[in-house]
There are 2 protein chains.
Amino acid sequence: MKIGELGKRTGLSVHTIRYYERIGLLPPADRDASGQRDYDGSVLVWIGFLERLKTTGMPIREMLRYAELRTKGDHTGPERREILEMHRDRVRAHLADLQASLLVLDTKIDTYVDLEKRTRKHDDTRPPSPGNRSRAGKQTGSRNKIGTRAART
Amino acid sequence: MKIGELGKRTGLSVHTIRYYERIGLLPPADRDASGQRDYDGSVLVWIGFLERLKTTGMPIREMLRYAELRTKGDHTGPERREILEMHRDRVRAHLADLQASLLVLDTKIDTYVDLEKRTRKHDDTRPPSPGNRSRAGKQTGSRNKIGTRAART
DNA sequence: CTAGGGGTTCGAGTGTACTCTAAGTCAAGA
DNA sequence: TCTTGACTTAGAGTACACTCGAACCCCTAG
């Protein structure tokens, strides 16, 4: 597989792929007769894993450390596991943070919805809410009852 | 409250606070007799909300849009609600992504753990795992049974 | 044989969100 | 009075993760 093909399959630009190789995130690619990079399928798995690490917010420096250990062989397993465990804990914390923030958002949105309802009550000549075409449908009424009263920030 | 005090209370540096004011995230602060910024408590609520938006990954440009609407008065409520709803949907999607990635991490960690177990079986002179002092304790055995077999990336 | 579409390298440029420096003003305590 | 420390501004610098440009090489189809 040439670099362009790999780019298409992974969604990375060829620039990014070469950049990853340059900094050491990807192992130096095999070359074909004319010196061009020639990838085999296994790199797809590795890139997929890197993308997981990226979406979970691992900085490149830490991915590099992991990649470096990987090339050093099986005996680095325990240290790699440690990196992943530390990262997992961070991800779990961030997840909890996001969930809490989601509640805040829901509550605030409900405040706005209530406000609009009340406004329409005092002015029923107004058409049934221009901004209310249910967007992506799901869980529109999701008020996670906790306080329901958001501070008027 | 002076800017230094506000910094201490919010965890923002005074640089950052002035930066936020400069770009419009914070309303122009009231000034005391000698022209220094003098905040009242309400700004704490607003900054708290901004921090929620930030942890959930809202870019500053969008926060700016929201802040701008806020200063324009109550009639901008519906548009503010729309911004928050769109953002909420993105956060929900990101959350799902994180959760999936967490499973991958757990699975991979388990692979390493299994590997180490097997290694110790073949070499029981080795002390009971140097990297195994249970870090922060919680959920150490959390294998989210799905495949249990991670690809050897 | 030539145009097009790949490939190569090195190094510079971009966007985001701060983060800090420089040079100065001002108020209160020793 | 002098020092200390907090404040002011404009603007430069930083870290991260790409992203692109320039200048070049090489293979294949028309």
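Worth knowing before you read on, the calculation uses all heavy atoms, side chains too, and leaves out hydrogens, waters and symmetry mates. In what follows, chains are A, B, ... by sequence order, proteins preceding strands, each numbered from 1.
Salt bridge annotation for B:E68-B:R65: present, with a cationic side-chain nitrogen under 4.0 angstrom from a carboxylate oxygen. One finds a salt bridge joining B:E62 and B:R90 here, because a Lys/Arg side-chain nitrogen approaches an Asp/Glu carboxylate oxygen to under 4.0 Å.
Here B:Y20 does not reach the OP1 or OP2 of C:dA17: none of its side-chain N or O atoms lies under 4.0 Å away. Remark: A:K54 is not in phosphate contact with D:dA17, judged by side-chain N or O atoms under 4.0 Å from OP1 or OP2. Contact annotation: A:K2 side-chain N/O to C:dG5 OP1/OP2 distance is not under 4.0 Å.
Residues A:L53 and B:L105 form a side-chain contact, since some pair of their non-hydrogen atoms from C-beta on lies under 4.5 Å apart. The side-chain heavy atoms of B:Y66 and B:M58, taken from C-beta on, include no pair separated by under 4.5 Å. Counting heavy atoms from C-beta outward, B:I83 and B:L69 have side chains that approach closer than 4.5 Å.
Across all strands shown, B:R61 has heavy atoms under 4.0 Å from sugar-phosphate atoms exclusively, and none from any base. B:R37 comes within 4.0 angstrom of the backbone, heavy atoms only, and of no base.
You'll find that the side chain of B:Y19 is closest to C:dA17, out of C:dA17, D:dT9, D:dA17. Each of C:dT19, D:dC18, C:dA17 was ranked by its minimum atom distance to the side chain of B:I60; first place goes to C:dA17. Of the candidates D:dT8, D:dT19, C:dT19, C:dT19 carries the atom nearest the B:R22 side chain, counting heavy atoms from C-beta on. With distances taken from any side-chain atom of A:R18 to the nucleotides C:dT9, D:dA17, D:dC18, the minimum falls on C:dT9. If you check D:dT8, C:dT9, C:dA17 against the side chain of B:I3, the one that comes closest is D:dT8.
Between B:I23 atom CD1 and C:dA17 atom P there is a gap of 8 Å when expressed in whole angstrom units. As a whole-Å value, the separation of B:M63 CE from C:dC18 C1' is 12 Å. The separation between A:D38 atom CG and C:dG6 atom C1' is 14 Å, rounded to whole Å. Taking atom CD1 on B:I17 and atom C1' on C:dT19, their separation rounds to 13 Å, with Å as the unit. For the pair A:L12 CG and D:dC20 C1', the interatomic distance rounds to 16 Å; values are reported in whole Å. Look at CZ on B:R31: it is 17 Å from P on C:dT25, rounded to the nearest Å. B:E5 places its CD atom 18 Å from the P atom of D:dG5, with the value rounded to the nearest Å. Rounded to a whole Å, the CG atom of A:L64 is 16 Å from the P atom of D:dA15.
Side-chain N or O atoms of B:D38 include none that pairs as donor or acceptor with a backbone N or O of B:R31 at under 3.5 Å. For A:S13 (side chain) and A:T16 (main-chain N/O), a donor-acceptor pair under 3.5 Å exists by modelled atom type.
Mapping A:H15 and B:E21 onto DNA chain D via the closest heavy atom, the residue that lands nearer the 5' end is B:E21.
For the helix from C:dC1-D:dG30 to C:dA30-D:dT1, the axis fitted to the five pairs at one end and the axis fitted to the five pairs at the other end meet at an angle of 20° (nearest 10 degrees).
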Can you check side-chain contact (heavy atoms from CB on, under 4.5 Å) on A:R52 and B:L102, steps first, answer last?
CA-CA 9 Å; A:R52 286 295 181 186; B:L102 204 51; over 6 Å; no

